Amino acid sequence: MSVEMVEVSVKTPEPVRPTGILQQNRVFLDFFWDLAKPDQEVRLKAVENLIHYLKTNNKADELEYTFKRLVDGLGHTRETARPGFSLALGQVLSAFEDISLQSIFDRIKEKHNLQTVKKKLVRNAMFGNLFGVLALHQSGRLSKEPLVVLRCVQLLQSLSQHRQHLKDLPTKTMMDILNEIPEEVFEEVLLGALQTDLASAFRTPEQLHLLLVALQRFPQTLKPKKLKKLVGFSTIINTDTIPKLTEVLKMAARSVKKECVLPAVALDLLKLSLKEDSFQLFWNKAIINGMFKEQPGPTHYLSFRLLGSALPFLSVAQLKEVLSGEVMMHYGEHVISAQKPDRFKLAPEMDVYVSDFLQGCEDSEKQLAVMVGFSSLTNQGYPVVPSVWKVVQHLQPAALQGYMEWLKNMFLQPQLDKLLDFSTRKQKDSHEGREQGENAIFRLRKWIVSRLASIIDNHQVKKQEELIMDVARFVFFHAFFSAKKASADIVETKGKLSVPLDDKTRGVLVNSFFGLLLSMHHLPPNDETGEGAAVNQKRALGLTSDGTMWIYHLVQYAQVLLTQPKSVQSSQPFSPEQRQAWDSMLESVANLKKKAKKGQTAESRAFQQLFLLVGMHLFKAPEELLDVMKDLQNCVDKAQEKKTKKKKKKQGTEQEEEPEWVEVMVDILLSLLSQPSRHMRQVCKTVFSSICPHVTAGALTAMLDVLDAERDDEEDSAVVITDDDTNKTGKKKQKEEDDDEEDEEMEDDKSDESDDDSDEDEEEEAMEDEEEGEEDEEEEDEEMEDEEMEEEVDQNFRLELMKVLQQQNALATEEDGSSDEDMDDEAMMELDKSLAALFSEQKKKTQAKKDEKTKLKKERALVRDFKIKVLDLIEVFVARQAGSPLVLGLVEPLLNIIDRGMSSGSDQQEQDFLRRTADIFRNQLCRSKVYCRTVGDRQEELHDLLEKLMTKTQKLSDSSVCLYYFSASLYVVKVLRGATPSETKKDQTAENSAASELRFMGNVDVDRVSSIFREALTSLMSRRKSPLTAQMFIDLFTRFPVLCVSLVDTAVQHIISGVREHQQGQACVLVLRAMQSREVQELLRGPQWTELCVKVTGQLAVSLQQLGPTESKVVKEKVVKTLELCQFLVKLVLQQKLSVELEPLQKVLQSLTSIITFKKTGKLEDTYWAVMKHFGVMKPKVEKTKSDKEPEQVPAPKKKKGFLPETKKRKKRNKPILEPAADNSTSTNAPQADKGQAKKKHDKKTKQKRPADGATASQPSPAKKSKTQSESKTSKKKKKKPKQKKVGGGQM
């Protein structure tokens, strides 16, 4: 017996031994857990660690266990786990080459056998086989074991039948295997196995792709003779196979409908057609005549994607042919039709294809062919690709130069016959003949101008300065001039216009030119050292490599054009006065440049910019800017004179006769800001920042008058409105664009300008949408008019209508009973004419009213937009001159704007204006670290201002506006106080400087200011609805402790005299914050501090005595704040050992528990016991006495929702009486039974199984079944029965 036992003890450990070892090594087992994690990084790390571990330890049993776990994991139910196990198996096989692939393949076949696996796990087994083959392929050793290759391919062939689960993954895996194995293995082993698949290549896309891959990899094996045996043809693409190939391509297109990708078989076919020299046949027959015979959909999208993918493989001639063919025409129609919402858009994919091609192609001729091809695809003259097409940034310099030349030549001589132009059905119906041709030329030229400007605007495009200047000159010349005869000095005169420029085209050119000026104003320097310099210092934008401004070069070019009237003619010639203004501008700029050479200043550069920009705008609006130019020159001359004569005193008489030059300059800037130009806005801002130190009170008042709402109907606003009248729509649009970008930096503004300029171009592209939109708008207008006619029929119109009807005797009366049947034809015709005239007149009146409303709305928007621009200047002044006394004059105007803005309209523009004003006031004025520290003789004025602000503060109704007024008051106090001694004198000792700094209040009249704030504090405490808040006074106490000391007594008084409990609680908060301040404790050191503590203690005792029995939430909040103050005060008195009597307070506190009911815990209770702890009274501990009663209360928790109260229960159910013994037995067993069932079933199900043990044991399922069957029919009745059973059981 002992021997047997020994044998058993020896035999049993052997099978358990590997598991026993593995159980001890948790690190090893954790690798397999990590392989199933959803995070890819975790899986990759686990694979790496597993291989490292196996190589390090090199244990056979662990390697065996690894293969077992990895093969099992190939069919894991979790999708993310399968790739992890497959990758791990492949890497382990790659690392341990002594393990044969055949053995692993056998393991995979055995574990994931589709014949023996359970039906539920068939899908997992399929994936197990597939990922097993992938693992063998990833090992990189398949080519070394040809038989395994064969078995893998055979397995994949059997898996390819299960397309509903695996789709085309088996076929793709076969292609991957083909790409890896050498030609000998394919010829000897696989060719026979794949013969069936290769022979049926024209049936499915997968089989065709398999053949194409085999042809690419093994051309020597699959020679034409062999190919003819397999598929019946020596070449894949010929006239006989085209129909079959077309059908396969259609199948492939439908299979990737959801994925939106190009099937690989299509691109491989195209490559094969190029190899077999049958591209022309394939493209024309299979794609154009085959794929495009279908309705627009997947087949069209496959063709477009194939076009984009084919670009890198085609020659220049093939590119030109393909990009001027039917496929491109269909692509253009798709782009136009896809602009409607909820349509699939393929244009973004095509952009990627073209961008990738241009990026990877170094042949500039091919690049140029593609760019010209896509730019030539036009819809009624307007190219389909956007004018800001960003792919241009990948062009080689030679290709870019060629593309620019093509654009300029097409602008000068539009050759519509060379374009691939198309029209939609609606466009063909609506436009005909000559008008269509002229419109197409205008649309083409408009796009070309935007295209040229966007290339300059794109910083990513590699372009030379000559190219930039060439484009700018070209646009400027054709915007404002025309050539009489060719001149050698002016290149632009050599190009002849085949179609003269009309006014619309010139308008586009003018707008594009000034947009181009803005882009050039922000151009970074075009040198290689620019990037390195940017790290250390800010790069100057808008300069050429020699340091000259771009706009200066253009002004010089304009001067050349003006001095050659024989060769060049201006479209809007200058009058003698305007020409004189131009010449004087050039002279002023020359003088500024000379003075700038001595010492380059930002001011002189800013004035140069302004002169040059206003000079260029003379070409656009000479009448408007002529006076501005004269005033500008006078201002600059005076400014220069004042600088040279700084030491001389100003004569009073001269000052009275004419205004300061700065004031005139500000007026000029304000008038220029009304121009709808972002460039002008930025230059005005730059100029104003340079003249900020010279700004006077009058100049500042001029800006503030613009912001004053009361002056909106006066002269200042008229400037803006008249500007709008000249060109309402365009200028308003540009003004709105200005608004959108007001807070961005200059470089961002610049890049966005091109986008804004292109908005009109993009709108032009959607011709169908435009026409439909116009029709819809007309219908809507008609509906609106009808509604207005119905709603607004005035009394006068009624009277007129009655008169017409009475004149024609058409008004039926009760006396004669006449009707329109009695009228003859002539009378009816006369009546119709009269009614038509009357209604036509009424319609005109209604339209006039509507136009007036629209005009007023636009004018208000323009005024608001102008004010936002003026805020730019205010912001610059506050930022640059925060320490100037003039800043104090901004306080009241800005507050008035905020006050009015809160109560005015809520449209977006109004909100932006208000938000901007509030930001300037709060963040840049009140919170600025730099402020006016030299009040001088303005002390009385500032005290009056403070009193005025605080008086207004108390009268406001909106607390948010009140906050701004209070912040302004604190700012005025800060200005009055000025710089502290520590900031001015550094030779004082630490103690003296700290003490003096605490008490230092500068020019503040402490008594007067204290009385002002005391009145406000009293208003807060004595009014039921006050806009003031306690937080405002806390800020005051924190920033100015001296004022806090003066006001703390008032706060102490209101602990009991506050108008309501809320105000009394706020008084406690203020006193607490004041007493917690170290600065206040320093200022009230000694008897004053003790006296304050005595006062507060007495007030607190009285406040708590006044409490009556209440459960009010407001009272409890007040008590909490009172107790917080008590806690601080008692602790402070005890710590500092002050002579303060605390007994009265202690007595009141002890009686508090009888007045207010305390809970176990809470803020009120915790604070109370924290106070009492200082008096030595501890919170009583509540002893737990519930342990004895627990058995009696066990049934209580069982009462859940749905139980009836005792009074509602039916007493008839209590008739059956059972033995008490049975009840006792069930009651003891019930908790355990319920406990076990609760884990699996709900309480409602267990309630039916309680009456007896036998019932619950013998009939569990019928009870459940009967409940579910009858529940839907008699739900209410069924809900009551379980309860009755439960109650009966309980009472038995």
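Being a predicted model, the structure only gives us computed values, none of them experimental.
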*Is Q40 atom CD crowded by more than 12 heavy atoms from other residues, nucleotides or ligands, each under 6.0 Å away?*
no
_Side chains of Q367 and S364 only: does a donor on one sit below 3.5 Å from an acceptor on the other?_
no
*Can you measure from CD (E183) to CD (E188) and round to the nearest 0.5 angstrom?*
11.0 Å
*asked:* Measuring centre to centre across the rings, with the benzene-like ring taken for any Trp, is Y331 within less than 6.0 Å of H300?
replied: no
*Side chains of K446 and T505: does their closest heavy-atom pair fall under 4.5 Å?*
no
*Going from OG on S512 to CD1 on I456, what distance comes out if it is rounded to the nearest 0.5 angstrom?*
12.5 Å
*Compare every heavy atom of L306 with every heavy atom of A266, then report the nearest pair and how far apart it is.*
O-CD1, 3.7 Å
*Once you round to the nearest 0.5 Å, how far does CG of L245 lie from NZ of K250?*
12.0 Å
*CG/L319 to CG/L314 distance, rounded to the nearest 0.5 angstrom?*
5.0 Å
_Would L227 and I236 count as a side-chain contact (heavy atoms from CB on, under 4.5 Å) here? Give the steps._
CA-CA 9 Å; L227 199 59; I236 299 296; 4.0 Å; yes
*asked:* If the threshold is 4.0 Å, N to carboxylate O, is there a salt bridge linking K408 and E405?
replied: yes
*Between T235 and E276, does any side-chain donor sit less than 3.5 Å from a side-chain acceptor?*
no
*Less than 4.0 Å between a side-chain N and a carboxylate O, is that true for R305 and E349?*
yes
_Minimum heavy-atom separation for F411 and I448, please, with both atom names._
N-CD1, 3.7 Å
*Would a distance-only check, ignoring hydrogens and angles, find a side-chain to backbone donor-acceptor pair under 3.5 Å from S355 to V352?*
no
_With a 3.5 Å distance limit and no angle check, can you tell me whether S278 reaches the backbone of L274 through a side-chain donor-acceptor pair?_
no
*asked:* Looking at every heavy atom in both R445 and L412, which two are closest together, and how far apart are they?
replied: NH2-O, 3.5 Å
*Under 3.5 Å, side chain of K345 to main-chain N/O of A338, donor-acceptor pair present?*
yes
*Below 4.5 Å, heavy atoms only, C-beta onward: do L198 and L191 meet side chain to side chain?*
yes
*asked:* Counting neighbours of CD on Q415 that are heavy atoms of other residues, nucleotides or ligands and sit closer than 6.0 Å, is the number greater than 12?
replied: yes
*Do S303 and H330 have side-chain N/O donor and acceptor atoms under 3.5 Å apart?*
no
*Among side-chain atoms of H76 and N124, is any donor-acceptor pair under 3.5 angstrom?*
no
*Answer yes or no: does atom NZ of K228 have more than 12 heavy-atom neighbours from other residues, nucleotides or ligands under 6.0 Å?*
no
*asked:* Is it true that, when you exclude D417 itself, more than 12 heavy atoms of the residues, nucleotides or ligands shown sit nearer than 6.0 Å to its CG?
replied: yes
*State whether the side chain of R443 and the backbone N or O of Q380 hold a donor-acceptor pair below 3.5 Å, judged by distance alone.*
yes
*Measure the spacing between CG of L420 and OG of S375 and express it to the nearest 0.5 Å.*
12.0 Å
*Flag, side chain of D421 to backbone of G381, donor-acceptor distance under 3.5 Å*: yes
*Hey, mind stepping through L114 and M126 against side-chain contact (heavy atoms from CB on, under 4.5 Å) and telling me if it holds?*
CA-CA 7 Å; L114 296 177; M126 291 177 193; 3.8 Å; yes
*If only atom types and distance count, is the side chain of N129 paired as donor or acceptor with the main-chain N or O of K109 below 3.5 Å?*
no
*asked:* So K320 and V316, do their side chains get closer than 4.5 Å, heavy atoms only?
replied: yes
*Heavy-atom count around K172 NZ within 6.0 Å, excluding the residue itself: above 12?*
no
*Once the angle between the rings of F202 and F233 is folded into 0 to 90°, is it parallel (under 30°), tilted (30 to 60°) or perpendicular (over 60°)?*
perpendicular
*Dump the intermediate steps for side chain to side chain donor-acceptor pair (under 3.5 Å) on T173 and H137, then the final yes or no.*
CA-CA 9 Å; T173 310; H137 167 60; over 6 Å; no
*Could you check if a side-chain atom of L377 sits within less than 4.5 angstrom of a side-chain atom of L323, using non-hydrogen atoms only?*
no
_Side chain W447, main chain F442, donor-acceptor under 3.5 Å_ = no
*Would you check, one step at a time, whether the test side-chain contact (heavy atoms from CB on, under 4.5 Å) holds for V354 with L358?*
CA-CA 6 Å; V354 176; L358 294 176; 4.0 Å; yes
*Would D457 and S454 count as having a side-chain donor-acceptor pair, cut-off 3.5 Å?*
no
*Would you say the side chain of Y353 lies within less than 4.5 Å of the side chain of P312, judging by non-hydrogen atoms?*
no
*asked:* Looking at R343 and S337, would you say the former's side chain and the latter's main chain have a donor-acceptor pair under 3.5 Å?
replied: yes
*Where do S139 and L101 land on the side-chain contact (heavy atoms from CB on, under 4.5 Å) test, with the steps shown first?*
CA-CA 9 Å; S139 69; L101 298 184; 4.0 Å; yes
*Assess whether atom CG of D240 is packed by more than 12 heavy atoms of other residues, nucleotides or ligands within 6.0 Å.*
yes
_Measuring from atom CG of L208 to atom CG of L269, what distance do you get when rounded to the nearest 0.5 angstrom?_
5.0 Å
_Has S86 got a side-chain atom pairing as donor or acceptor with F131's backbone, closer than 3.5 angstrom?_
yes
*For K271, does the NZ atom have more than 12 heavy-atom neighbours from other residues, nucleotides or ligands under 6.0 Å away?*
yes
*E79 atom CD, over 12 foreign heavy atoms within 6.0 Å*: no
*asked:* I'd like to know if the side chain of K293 and the backbone of I288 have a donor-acceptor N/O pair within less than 3.5 Å.
replied: no
*Does NZ or CZ of R82 come closer than 6.0 Å to the centre of the six-membered ring of F127, within 45° of the ring's axis?*
yes
